[in-house]
K.L.:
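One structure, pasted below without further comment.
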Amino acid sequence: TATAINDRGQIVGYGTYYNSHRGFLLNPLLSLEAINPNPSLLRDGGVTTDRSLLSSPSVPAAKGLAADGITPIVLRMHAPASGILQFHLTDENGQPDAVGTLSTPGGSERSTILDVPVELIDGRNMAFAVLTAPANFVRLNSNDAGRRNRAIKIKATFTPSGGGAPLEWNGTLQLFHPPVVLLHGLWGKPTDWVWAIENNDRFTVHAGDYSWANAGALAGNVVWVRDAVRQAVQKLRSQGIAATQADVVGHSMGGVLARL
């Protein structure tokens, strides 16, 4: 019986062997971890190239990302030997339509197909790619507007440097709507919003509050806008969804504050 996958991508469990109860450890040929690099792996506006950080088991896992055009996820693949690993992104129909782009850590590539080398790091063969979210959740001529999430398919093909048959891995990440922040007006409060979106499970919504300081200077209230965005983003991250920014809807002075 398999019970878990450890930080190295190995499968652990227990069973009976010759009437003896034993544990086991399996090393899969290929396994992928999707991890959220924000904030621990970000350097100078991009993902770090430091392999010791990229391979760290302490970086939180991610099951998906928000469609905001800038959020990154690191794809960390474990391989059996040295070689070349090709990542390939498609949608649920096998098309490269609004699925984001791939690059190497610190690189400038922007493609849905990327070849990266497998490197030996602390005794493990690993390869890395950065998936950057598409700018839009809803695709043209689709029913995406009615969905909470949609699939990004990932195919990884490993070609060993010493020869031999290629190995293939297939998996899925989920794409979500960016979080939404609602900002009330000058004499308003968060409970003034009575919008259906607040109870729509397709969206993650946070109503910001600056009511106790609303008579203050605009420059002083901007901090509460930033705090509302931070809380909205954190709501997604707490669900294992990578997110970087939010869509903001402001009423009256709330709209002015959002533009500062």
Side-chain angles (χ1 to χ4, degrees), residues 5-10 27-90 96 99-135 152-162 166-169 171-175 178 230 233-234 236-237 240-245:
I5 299 177
N6 68 17
D7 292 332
R8 291 177 177 264
Q10 297 166 310
N27 292 292
L29 295 177
L30 288 176
S31 65
L32 180 107
E33 298 171 280
I35 57 176
N36 184 1
N38 191 354
S40 62
L41 300 184
L42 297 186
R43 301 289 186 277
D44 300 321
V47 174
T48 182
T49 60
D50 188 326
R51 271 34 185 179
S52 64
L53 296 176
L54 289 169
S55 61
S56 170
S58 64
V59 183
K63 66 180 181 182
L65 69 171
D68 59 13
I70 63 171
T71 290
I73 274 185
V74 173
L75 305 178
R76 183 165 66 190
M77 179 64 77
H78 297 260
S82 62
I84 297 295
L85 196 79
Q86 181 181 88
F87 290 99
H88 185 190
L89 302 179
T90 62
V99 292
T101 57
L102 294 166
S103 64
T104 54
S108 58
E109 309 94 336
R110 292 293 182 269
S111 174
T112 56
I113 299 177
L114 181 70
D115 290 350
V116 294
V118 176
E119 307 170 57
L120 185 62
I121 302 170
D122 294 331
R124 295 174 288 172
N125 292 293
M126 307 175 77
F128 306 96
V130 178
L131 165 58
T132 301
I152 297 177
K153 298 288 188 180
I154 304 172
K155 181 172 78 171
T157 304
F158 169 70
T159 303
S161 58
L167 301 174
E168 187 174 300
W169 180 95
T172 303
L173 285 175
Q174 295 297 323
L175 188 69
R230 180 190 61 77
V233 168
Q234 184 54 40
L236 271 189
R237 290 182 181 173
I241 302 166
T244 304
Q245 59 188 14

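Along the sequence shown, residues are numbered consecutively beginning with 1.
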K.L.:
Is the shortest heavy-atom distance from the side chain of V99 to the side chain of P134 under 4.5 Å?
P.N.:
no
K.L.:
Hey, does V130 have a side-chain heavy atom less than 4.5 Å from the side chain of P105?
P.N.:
yes
K.L.:
Who passes side-chain hydrogen bond (donor to acceptor under 3.5 Å, both in side chains) against Q234, sequence neighbours left out?
P.N.:
none
K.L.:
I need the minimum non-hydrogen distance between G100 and T112, along with the two atoms involved.
P.N.:
O-CG2, 3.7 Å
K.L.:
Residues two or more places apart in sequence or in another chain: which of them pass salt bridge (charged side-chain N to carboxylate O under 4.0 Å, His left out) with R230?
P.N.:
D227
K.L.:
What's the shortest heavy-atom distance between I73 and A242, and which atoms?
P.N.:
CG1-CB, 3.9 Å
K.L.:
Within the distance-only criterion (no hydrogens, no angle test), does the side chain of R237 pair as donor or acceptor with the backbone N or O of A243 below 3.5 angstrom?
P.N.:
yes
K.L.:
If the condition is side chain to side chain contact (heavy atoms under 4.5 Å, CB included), which residues does A133 pass it with, not counting sequence neighbours?
P.N.:
L65, D68, T71
K.L.:
Rounded to the nearest 0.5 Å, how far apart are CG of L32 and CH2 of W169?
P.N.:
4.0 Å
K.L.:
For T90, check side-chain hydrogen bond (donor to acceptor under 3.5 Å, both in side chains) against everything at least two apart and list the hits.
P.N.:
none
K.L.:
For residues 104-120, which residue pairs pass the salt bridge (charged side-chain N to carboxylate O under 4.0 Å, His left out) check, not counting sequence neighbours?
P.N.:
R51-E119
K.L.:
Could you walk me through whether I35 and L41 satisfy the side chain to side chain contact (heavy atoms under 4.5 Å, CB included) test, starting with their C-alpha distance in whole Å, then the side-chain angles of each, then the deciding distance to 0.1 Å, before giving a yes or no?
P.N.:
CA-CA 10 Å; I35 57 176; L41 300 184; 4.0 Å; yes
K.L.:
Which residues satisfy the side-chain hydrogen bond (donor to acceptor under 3.5 Å, both in side chains) test with S56, sequence neighbours excluded?
P.N.:
S58
K.L.:
Compare all side-chain heavy atoms of Q174 with those of K63 and state whether any distance is below 4.5 angstrom.
P.N.:
no
K.L.:
Which heavy atom in P80 sits nearest to a heavy atom in L30, and how many Å separate them?
P.N.:
CD-CD2, 4.0 Å
K.L.:
Could you tell me if the side chain of L102 sits less than 4.5 Å from the side chain of V116, heavy atoms only?
P.N.:
no
K.L.:
Holding to side-chain hydrogen bond (donor to acceptor under 3.5 Å, both in side chains), I want the full list of residues that pass it with S52, two or more places apart in sequence or in another chain.
P.N.:
D50
K.L.:
List the atom of A34, the atom of L75, and the distance in Å for their closest heavy-atom pair.
P.N.:
CB-CD2, 4.4 Å
K.L.:
Write down the atom of F87, the atom of F128, and the distance for their closest heavy-atom approach.
P.N.:
CE1-C, 4.5 Å
K.L.:
Pair up each side-chain donor or acceptor in residues 152-161 with any protein partner under 3.5 Å, not counting sequence neighbours, and list the distances.
P.N.:
| from | atom 1 | to | atom 2 | distance (Å) |
| --- | --- | --- | --- | --- |
| K153 | NZ | T172 | OG1 | 3.2 |
| S161 | OG | S82 | O | 3.3 |
| S161 | OG | S82 | OG | 2.7 |

K.L.:
Ignoring hydrogens, what is the shortest heavy-atom contact between P178 and A67? Give both atom names and the distance.
P.N.:
CG-O, 3.2 Å
K.L.:
Can you confirm whether T244 sits close enough to P72 that some side-chain heavy atom of one is under 4.5 Å from a side-chain heavy atom of the other?
P.N.:
yes
K.L.:
So do L54 and I121 actually touch side chain to side chain, heavy atoms under 4.5 Å?
P.N.:
no
